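Sharing a structure, written as structure tokens. Questions coming.
Every chain is numbered from 1 and lettered A, B, ... according to where its sequence line falls, protein lines coming before strand lines. As the structure is a prediction and not an experimental result, all values here were calculated from the model.
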Amino acid sequence: MDFRFDIIADYMPFFLKGMGITIGVSLAGVIVGLLLGLVIALGKMSSNRWIQLPFNIYINIFRGTPLLVQLLIIHFGIVPLFMSPSNPIVSLVIGLSLNAAAYIAEIFRAGIQSIDKGQMEAARSLGMTRAQAMKLVILPQAVKRVIPPLGNEFIVLLKESSLGSVLAAPELMYWGRAAAGQYIRVWEPYITVALIYLVLTLSLTYLMNYVERRMSTDDQR
Amino acid sequence: MISVKNLKKSFGTNEVLKDISLEVSPQEVVVVIGPSGSGKSTFIRCLNMLETINGGHVIVDGKDVTDKKTNINEVRTEVGMVFQHFNLFPHKTILENITLAPIHVRGLKKAEAEKKAKVLLEKVGLSEKASAYPDSLSGGQKQRVAIARALAMEPKVMLFDEPTSALDPEMVGEVLEVMKQLAKDGMTMIVVTHEMGFAREVGDRVIFMDNGYIVEENEPKALFDAPQHERTKAFLSKVL
């Protein structure tokens, strides 16, 4: 069996450009997802059922339907209402952010609720408002506990950004498919793309382990 | 200072407090004793609204905390609370534990709050632990820090919810010593405890609670030496 390295060499500039976009949309998805996820988590933990309701619905919809379906609806249905022609990278970032927010919200909620309720009571008994107690006492402790599951979620997000290829967003997987289509070859483009994804996720794993270690030594000062 | 009128509290169908009334004057030390499940912890937690109450009134320093218009956070700044399990903030140093609320609630400058915190640490005998983290402290030390943390808000009343129950026996003394000093300084205190020696020595008044009621209240000597009610007698015979 011949393995045509020339195809890989030919497409390498595109793979690298695609990798840049994959990293970019994933990063954007993580940042927006974190902010939105925190808001949703706090909303879902409201003591008022009517405030909880929309946040519950949000989480159920975005966790309960396939990301691919969400991306198609966002790209061909929703984004065209605001921009024309709709940009697939924009659609991909929106889809990834909204989807990740639902998962991240649940990670945050679990982290916050794992903090002993005596912490909230102590803070409140000192006259802090609920918001102050959250910000000064609960969240700083919860952050440490949510790092491992968040790392997991970041890796999932990075891989799922490959669905952007369906929208023709020029990320890594898109160029893999383009190369496969042009040369009618399977192994060369897809193995290369897979290896690049693997390098990205392993780097991310390493990074998260490092953050985790640093956070836990912080404790022992 | 604190006035409780016909206080009622249930958890679901379980009625924990049934019609509790109590007046506490300034500088008075009231000790609440009673068997487990008698409602004494719930009672003290109702005084600063850590539990929402189902009936009656709790008036702290002239403010009805059961009134929806009362700013509960404001009232709580005047009511210090010490918990059985200390509830120190593990991510903050001892000094930060003490200065957190004065800075963010009272609006004190950091330097000023730290100066006051150091005085309080001195008072509870833990000056050398200012930059340590709670995890490195013994139970007795943690509880003394928790007392200093509550005192940093300069409260008018201090509530103690079984402050020595989670401690190893040899650490009970150091915490009670701090509380004794506090009482001597004229702090108004309500103390839920199983330490009968402390109740007798430091209390101005002892309340015996059982099954959601105040069964008997009297000066410590009278209550311990000549209890009037059968249930008080039965309880005291078991613990003394």
Counting only N and O atoms by type, is there a donor-acceptor contact under 3.5 Å from the side chain of B:Thr164 to the main-chain atoms of B:Leu167?
no

Do A:Val166 and A:Arg177 make a side-chain contact, defined as non-hydrogen atoms from C-beta onward lying under 4.5 Å apart?
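Yes; the side chains approach each other to less than 4.5 Å.
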
Heavy atom to heavy atom, less than 4.5 Å: which residues from residues 50-80 of chain B reach chain A?
B:Leu50, B:Asn73, B:Arg76, B:Thr77, B:Val79

For B:Ala183 and B:Val202, the nearest pair of non-hydrogen atoms, with its separation, is CB-CG1, 3.5 Å

Would you mind checking which part of B:His85 comes under 4.5 Å of any heavy atom in chain A, side chain (CB onward), backbone (N, CA, C, O), both or neither?
neither

Given that the side chain runs from C-beta out, which part of B:Arg106 has a heavy atom under 4.5 Å from chain A: side chain, backbone, both or neither?
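It is neither, since no heavy atom gets under 4.5 Å.
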
After noting the C-alpha distance and the side-chain angles of A:Gln70 and A:Thr65, does the key distance pass the side-chain hydrogen bond (donor to acceptor under 3.5 Å, both in side chains) rule?
CA-CA 7 Å; A:Gln70 293 164 19; A:Thr65 60; 2.8 Å; yes

So for B:Phe83, is it side chain, backbone, both, or neither that comes closer than 4.5 Å to the heavy atoms of chain A?
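When you check distances to chain A, only side chain atoms of B:Phe83 fall under 4.5 Å.
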
Is B:Ile147 close to B:Phe160 at the side-chain level, that is, under 4.5 Å between some pair of heavy atoms?
yes

Residues of residues 15-53 of chain A contacting chain B, heavy-atom criterion under 4.5 Å, by residue number
none

Side-chain donor/acceptor of B:Ser136 to backbone N/O of B:Tyr133, under 3.5 Å
yes

Judged by atom type as modelled, is there a donor-acceptor pair below 3.5 Å linking the side chain of A:Ser84 to the main-chain atoms of A:Pro80?
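No; zero donor-acceptor contacts below 3.5 Å.
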
Among residues 106-127 of chain A, which ones touch chain B with a heavy-atom distance under 4.5 Å?
A:Asp116, A:Gly118, A:Gln119, A:Glu121, A:Ala122, A:Ala123, A:Arg124, A:Ser125, A:Leu126, A:Gly127

Do other residues, nucleotides or ligands put more than 12 heavy atoms under 6.0 Å from the NZ atom of B:Lys8?
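Yes, the 6.0 Å shell around NZ holds more than 12 heavy atoms from other groups.
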
Is a donor from one side chain sitting under 3.5 angstrom from an acceptor on the other, for B:Ser10 and B:Glu15?
no

Non-hydrogen side-chain atoms of B:Ile94 and B:Leu137 separated by less than 4.5 Å:
yes

Residue pairs passing the salt bridge (Lys or Arg N to Asp or Glu O under 4.0 Å) test where at least one lies in residues 27-41 of chain B, sequence neighbours excluded:
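Those involving residues 27-41 of chain B are B:Glu28-B:Arg205, B:Lys40-B:Glu162.
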
Would you say A:Tyr206 has more than 12 foreign heavy atoms packed within less than 6.0 Å of its OH?
no

So which atom in A:Met215 and which in A:Ile147 form the shortest heavy-atom distance, rounded to 0.1 Å?
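Taking every non-hydrogen atom into account, CE-CD1, 4.3 Å.
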
Which of B:Leu88, B:Leu159, B:Asn48 touches chain A most, by non-hydrogen pairs under 4.5 Å:
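Winner by heavy-atom pair count: B:Leu88.
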
Do you know the tightest heavy-atom contact between B:Ala113 and B:Leu108?
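Taking every non-hydrogen atom into account, CA-CD2, 3.9 Å.
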
Is it the case that more than 12 heavy atoms not belonging to A:Lys135 sit under 6.0 Å from its NZ atom?
no

